[in-house]
Amino acid sequence: MSKLRVAVLGAKGRIGSEAVRAVEAAEDMELVAALGRGDDLETLAVSGAQVAVELTTPDSVMDNLGYCVRHGIHAVVGTTGWTEDRLTQLKGWLADSPETGVLIAPNFSIGAVLTMKFAQIAAPWFESVEVVELHHPNKVDAPSGTATRTAQLIAEARAEAGLPAAPDATATALDGARGASVDGVPVHAIRLRGLLAHQEVLLGGEGETLTIRHDSLHHRSFMPGILLAARRVVHAPGLTFGLEHFLDLSAN
Ligand SMILES: NC(=O)c1ccc[n+]([C@@H]2O[C@H](COP(=O)([O-])OP(=O)(O)OC[C@H]3O[C@@H](n4cnc5c(N)ncnc54)[C@H](O)[C@@H]3O)[C@@H](O)[C@H]2O)c1
Ligand SMILES: O=C(O)C1=N[C@H](C(=O)O)CCC1
């Protein structure tokens with residue numbers, strides 16, 4: 001059987017360099033290109049890449065995806081910084097290239113995907129909820145893409161259940177003391193040397209609290225999700241947002 005031809009963009013970065021090793025080690029894949037900042041995107045077409053794994057920076061991702069979609073190269077995207085405007089632009093490009101698939105995953109680690117799912121399930125049952133994300137201090141965006149997505153899913157679940165805003169009597173606060181509000185859910189971002197990527201979802205009701213915590217301790221935690229996504233995205237035209245759509249998360 002022919003191998004899946006995979007390229008990595010951001011190949012010298014923290015997660016990109018790990019992805020290069022993971023693709024090289026995968027028996028059903030061939031690493032056909034490994035691009036860093038300033039490298040010629042034409043390499044992707046010339047190398048015959050079927051899937052580009054995009055792990056660069058929020059200022060580079062749109063140009064890279066524009067190229068991939070124009071050339072019918074499927075993409076698996078871990079880069080953060082997604083806004084409604086960016087998603088609308090990407091969907092427009094995909095409409096002109098209907099056989100191309102793009103998977104955007106706020107987080108590729110299975111534990112983080114499950115954290116989001118568990119938080120979504122728990123959200124309607126608790127009065128209070130806050131999200132704390134903790135990352136290495138070289139991270140350029142805050143809050144993390146994972147925390148933003150987690151808060152959006154929680155807010156949707158609370159709205160569907162008809163829950164009012166969480167109780168909060170704060171009358172005076174220093175700017176930032178109550179975190180950033182993502183759809184009404186407070187999100188707090190910690191940056192600390194020694195950390196990689198961690199998240200806590202804190203839920204509270206009368207007389208009880210529930211804490212859902214996930215820790216990525218090594219960039220290897222993201223690799224099974226990236227490889228799975230690369231295998232699946234070639235069969236999933238259009239935009240898929242969230243790795244959970246490529247996993248069967250239904251409980252037996
Ligand atoms: N979804 C996930 O599971 C997940 C996990 C970890 C990191 N991330 C995200 O991935 C991105 C990269 O994270 P990182 O920690 O590896 O950052 P990093 O700064 O270590 O790596 C980014 C790399 O991309 C390169 N780059 C920038 N523009 C480029 C371009 N146009 N073409 C090719 N390469 C380019 C940079 O030179 C750098 O080497 C961030 O947005 C981060 O939040 C996502
Ligand atoms: O290290 C990073 O940067 C990470 N970024 C993603 C995010 O913003 O959620 C995923 C976790 C690691």
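Remember, it's 1-based here, ligands and their atoms both numbered in the order they're listed.
A donor and an acceptor atom, one from each side chain of T211 and E200, are nowhere located under 3.5 Å apart. Side-chain atoms of R149 and Q152 include a donor-acceptor pair closer than 3.5 Å. Using modelled atom types and a 3.5 Å distance limit, the side chains of T115 and Q199 yield no donor-acceptor pair. Checking D85 against T83 by side-chain atom types alone, no donor-acceptor pair falls below 3.5 Å.
Scanning all protein heavy atoms for the shortest distance to atom 9 (C) of ligand 1 gives G78 O, 3.4 Å. Protein heavy atom in closest approach to atom 13 (O) of ligand 1: I15 CG2, 3.9 Å. Nearest non-hydrogen protein atom to atom 37 (O) of ligand 1 is R37 CB, 3.6 Å. If you check which protein heavy atom lies closest to atom 11 (C) of ligand 1, you get T56 O, 3.2 Å. Looking from atom 25 (C) of ligand 1 to the surrounding protein, the closest heavy atom is G10 CA, 4.0 Å. For atom 20 (O) of ligand 1, the closest heavy atom belonging to the protein is R14 N, 2.9 Å. Of the protein's heavy atoms, A105 O, 2.9 Å lies nearest to atom 1 (N) of ligand 1.
Contact annotation: for S144 versus ligand 2, heavy atoms closer than 4.0 Å belong to both the backbone and the side chain. The proximity of R14 to ligand 2, defined as any non-hydrogen pair under 4.0 Å, does not occur for either the backbone or the side chain. Counting heavy atoms closer than 4.0 Å to ligand 2, residue T146 contributes atoms from both its backbone and its side chain. Contact annotation: for F108 versus ligand 1, heavy atoms closer than 4.0 Å belong to both the backbone and the side chain. Counting heavy atoms under 4.0 Å from ligand 1, residue P106 touches it through the backbone alone. Contacts between V140 and ligand 1 below 4.0 angstrom, taking non-hydrogen atoms only, are absent altogether. Contact annotation: for L35 versus ligand 1, heavy atoms closer than 4.0 Å belong to the backbone alone.
Summarising the contacts of atom 32 (N) of ligand 1 with G36, S17, G13, the nearest heavy atom is found in G36. Of the options S60, G38, P58, the smallest heavy-atom separation from atom 31 (N) of ligand 1 is shown by S60. Atom 10 (C) of ligand 2 has its nearest heavy-atom neighbour, among G81, A105, A197, P106, in P106. Residue nearest to atom 41 (O) of ligand 1, selected from T80, I226, D40: T80 (by heavy-atom distance).
A side-chain contact (heavy atoms from CB on, under 4.5 Å) with I110 is found for one member of L114, V113, N107 and no other, namely L114.
Between H219 and ligand 1, not a single N/O pair is under 3.5 Å apart. In terms of polar-atom proximity, H136 is counted as a contact of ligand 2, with an N or O under 3.5 Å from an N or O of the ligand. Remark: ligand 2 and F222 share no N or O pair separated by less than 3.5 Å (distance only, no angle test). Considering backbone and side-chain atoms together, K139 places an N or O closer than 3.5 Å to an N or O of ligand 2. The distance criterion of under 3.5 Å between nitrogen or oxygen atoms is not met by H136 with respect to ligand 1. Note: no N/O pair closer than 3.5 Å links H219 and ligand 2 by distance alone.
Atoms of ligand 2 lying under 4.0 Å from at least one heavy atom of G145, given by number and element, are 7 (C), 8 (O), 9 (O).
By the 4.5 Å heavy-atom criterion applied to side chains, H218 and E18 are counted as neighbours.
For E42, the CD atom counts as densely surrounded, since its 6.0 Å shell holds more than 12 non-hydrogen atoms of other residues, nucleotides or ligands.
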Open item on the list: Walk me through whether D59 and R37 qualify under salt bridge (charged side-chain N to carboxylate O under 4.0 Å, His left out).
Closed with: CA-CA 11 Å; D59 65 321; R37 192 187 275 278; 3.7 Å; yes
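H136 places a side-chain N or O within 3.5 Å of a backbone atom of K139 that can act as its donor or acceptor partner.
When all heavy atoms are compared, the tightest approach of F108 to L243 is O-CD2, 3.6 Å.
Transitive grouping of hydrophobic side chains (ILVMFWY, heavy atoms separated by less than 4.5 Å) keeps V185 and L202 in distinct clusters.
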